[in-house]
Amino acid sequence: MRILIVGGGVVGFNLAEELSLEGHDVSIVDNDHARIKKISERLDVMSVLGNGCRASILKKAGIEDARMVIAVTNIDEINIVVCILANKFGVKRKVARIRNEEFTGESQIVDPGEFFIDQAINPEQVIVEFIIDIIKTPGAMNVAEFADGEILLRGFDVPPDAPIVGRRLEELKEVYEMDSFLITAVSRKDSIIIPKGDYMIMPEDNIYILVAKDTLPLILPMLNKKVNEIQRVVIYGATLTGCSLAAELETMVRDVTIIEPSANRAEAAASMLSKTMVLHGEGTDIDLLKEANIDDADFFMALSGDDESNLLAALLGKKHGAKKVIIITNEPDYLPILDSIDMDIVINPRLITVGAILQYVRKGRIRSVVKLREGEAEVIELDTLPGSKVIDRKLREINFPDGSIVGAIIRNGEMIIPNGSSSIRAGESVVVFALPSAISKIEKLFGKKKIF
Amino acid sequence: MRITEILNRELIIPNLKAVDKRGVIEELSEFLFRKERVVDRGQLVNALLDREKLGSTGIGDNVAIPHTKLKELNDILTVFGRSKEGIEFDSLDGKPVHFVCLLVAPEDSVGTHLKALAKISRLLKSNSFRTTLLNAETGDDIYQIILKEDIEIESRMEGR
């Protein structure tokens, strides 16, 4: 389908790249010369220089034939105007990135729908939800949901004393069939693989588990994870994200502390939050970190707007005893570096926004896609198309590509753990775990070609 | 699924005597044996304890759901026991267990046991429900309280 993107920053660029690779006809509008140049050099999309709030520019970018408009400029108000114009042009689906909570939060005066926005994506909200999900699953490094939240994907590191250490997957078969979970992938050292029955789980493995929502509490003890492990959180940066996260955390954990360099922001945070302790100062000030009892912190979260300060603060936090560190970085190029210096969880607001928007765009045949370890593997939830080769055949008889596994079949909204003799019925969807080499074959098997 | 499909009044123990995990698993297995629901209590005890070795089924909030499969069964078997004093169960949140719901599934059950597991864990999620259950007098009371909560949950789900 034809998709028009307004805003060619990191979010717009990544969306355009991903969507054009998926076969969509993408055009992109931006008023910055350098950005348009970069896009036209690197991507196979139509690019138009100009102000996205002007109908003539939108027309030039083909809005009259577009089925979807995605407004992701830096400015909320521009994104809103784009959606209003798109509505005038009869565009069916309109997505906008809206940062300001006054538009998207509980206290909103106007519903985004009144601006003809079908889906407003607030990155801060997405990040807060992501972090809360992580905290609710102790020890999890990756989190995602499928089948409207009925099936969870969780990534865990395996501690040396976990009961499943030294067990082969086939020994666990009866247990995972009963408890409704499946170990779909393991990353050991630097490679990610799909384990077979004779695979033995070792300490330090990172394992990716698909599990039914209701049985998650049953698998945590197998990995020696306890709930309520997290009781003390220190946040650096009273940003929108920092404050709304603190507000949520206040109801879940015992102590929340925010460190904020700007006096105004610190004061605003202190008046908005009730139980959180707010400290005014730099996140790189060791005495202040000590005052925040960093040595006793279960989580240190560097969420300020400044990448470099976040990095320094997170390194100091870890050095002075914080058990786990979450860090926000706006620069995607930093991601591999941050992995290599042992940051536990790295969040890039722009890539998270891209993910959230893609999830909305893909509503249809592919329900959701989650990339793991910067795209080294994908977890895809997809519907089986009528006439697809996979329907009503035993899984073992289907020629699935190497590097892929059907992790779950969703039958009547419930998770079925498949084995070789299971089969997929028409109309059911599945969650598939695939390495990049297998993705296009998987899409073909399920009939992705006719998508949208 | 309604709770009546998996739980019947006969299989409720209002006051468990055991104080620890092994004890309560033995007590419940013995109970099922005396009710002539299983033929080999030793086998059941071993299977349940084996599963516990892999990780406690004490899922937190004073609830434990020990479970396993048995070839001899035709239908899913559930027994519900309560301990006012609390049982040491190595739970997820470290709290003692007041409610033990033992679940035994037939070998070939595919979806039913998951539905049963889900049903039980959803049922026991509510704080106020657990308090009422803890203070109930008799096995009959416990059974009635569970049925009532199940109806409320189901009607809330339908209302959505």
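Labels below follow one simple rule: chain letters A, B, ... track the order of the sequence lines, proteins then strands, and each chain is numbered from 1. It should be emphasised that the depicted structure is a prediction, and the values quoted were computed from it without experimental measurement. Heavy atoms only: backbone and side chains are in, while hydrogens, waters and symmetry mates are out.
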Let me know if Glu150(A) has heavy atoms under 4.5 Å from chain B in its side chain, its backbone, both or neither.
side chain
Taking atom NZ as the centre, does Lys84(B) end up with more than 12 heavy-atom neighbours from other residues, nucleotides or ligands that are less than 6.0 angstrom away?
yes
Please check if atom CD in Glu30(B) has more than 12 non-hydrogen atoms from other residues, nucleotides or ligands closer than 6.0 Å.
yes
Closest non-hydrogen atom pair between Ser56(B) and Pro221(A), with its separation:
O-CG, 3.3 Å
Count the heavy atoms belonging to other residues, nucleotides or ligands that lie under 6.0 Å from CG of Asn135(B), then report whether that count exceeds 12.
yes
Contact leader toward chain B among Thr215(A), Ile164(A), Leu216(A), Asp179(A), where contacts are heavy-atom pairs under 4.5 Å:
Asp179(A)
Measure distances from Leu54(B) to the heavy atoms of chain A and classify the residue's part below 4.5 Å as side chain, backbone, both or neither.
both
For chain A, which of Arg122(B), Lys125(B), Lys53(B) has the most heavy-atom pairs under 4.5 Å?
Arg122(B)
Rounded to the nearest 0.5 Å, the CG atom of Leu218(A) sits from the NE2 atom of His67(B) at a distance of 5.0 Å
Within a 6.0 Å radius of atom NZ on Lys389(A), are there more than 12 heavy atoms belonging to other residues, nucleotides or ligands?
no
Where do Met178(A) and Thr68(B) come nearest, in terms of heavy atoms and distance?
CE-O, 3.4 Å
How about Glu36(B): does its CD atom have over 12 heavy atoms from other parts shown lying under 6.0 Å from it?
no
Between Thr57(B) and chain A, with a heavy-atom cut-off of 4.5 Å, which part of the residue counts as in contact: side chain, backbone, both or neither?
both
Ile219(A) portion near chain B, given a 4.5 angstrom heavy-atom threshold
neither
Pick from Met222(A), Arg167(A), Lys213(A) with the largest number of heavy-atom pairs that fall under 4.5 Å of chain B
Met222(A)
Rounded to the nearest 0.5 Å, what separates atom CG in Asp50(B) from atom CD in Glu174(A)?
10.0 Å
Can you tell which part of Glu52(B) gets under 4.5 Å to a heavy atom of chain A, answering side chain, backbone, both or neither?
neither
Would you say that more than 12 heavy atoms from the other residues, nucleotides or ligands in this model lie under 6.0 Å from the CZ of Arg9(B), or not?
yes
Could you measure the distance from the CD atom of Glu177(A) to the NZ atom of Lys69(B)? Nearest 0.5 Å is fine.
5.0 Å
With a 4.5 angstrom heavy-atom cut-off, which part of Arg411(A) approaches chain B: side chain, backbone, both or neither?
neither
More than 12 heavy atoms of other residues, nucleotides or ligands under 6.0 Å from CG of Asp161(A): is that the case?
yes
Could you tell me whether Glu137(B) atom CD has more than 12 heavy atoms of other residues or ligands within 6.0 Å of it?
no
Kindly compute the distance separating CG (Leu220(A)) from CD1 (Ile59(B)), expressed to the nearest 0.5 Å.
11.0 Å
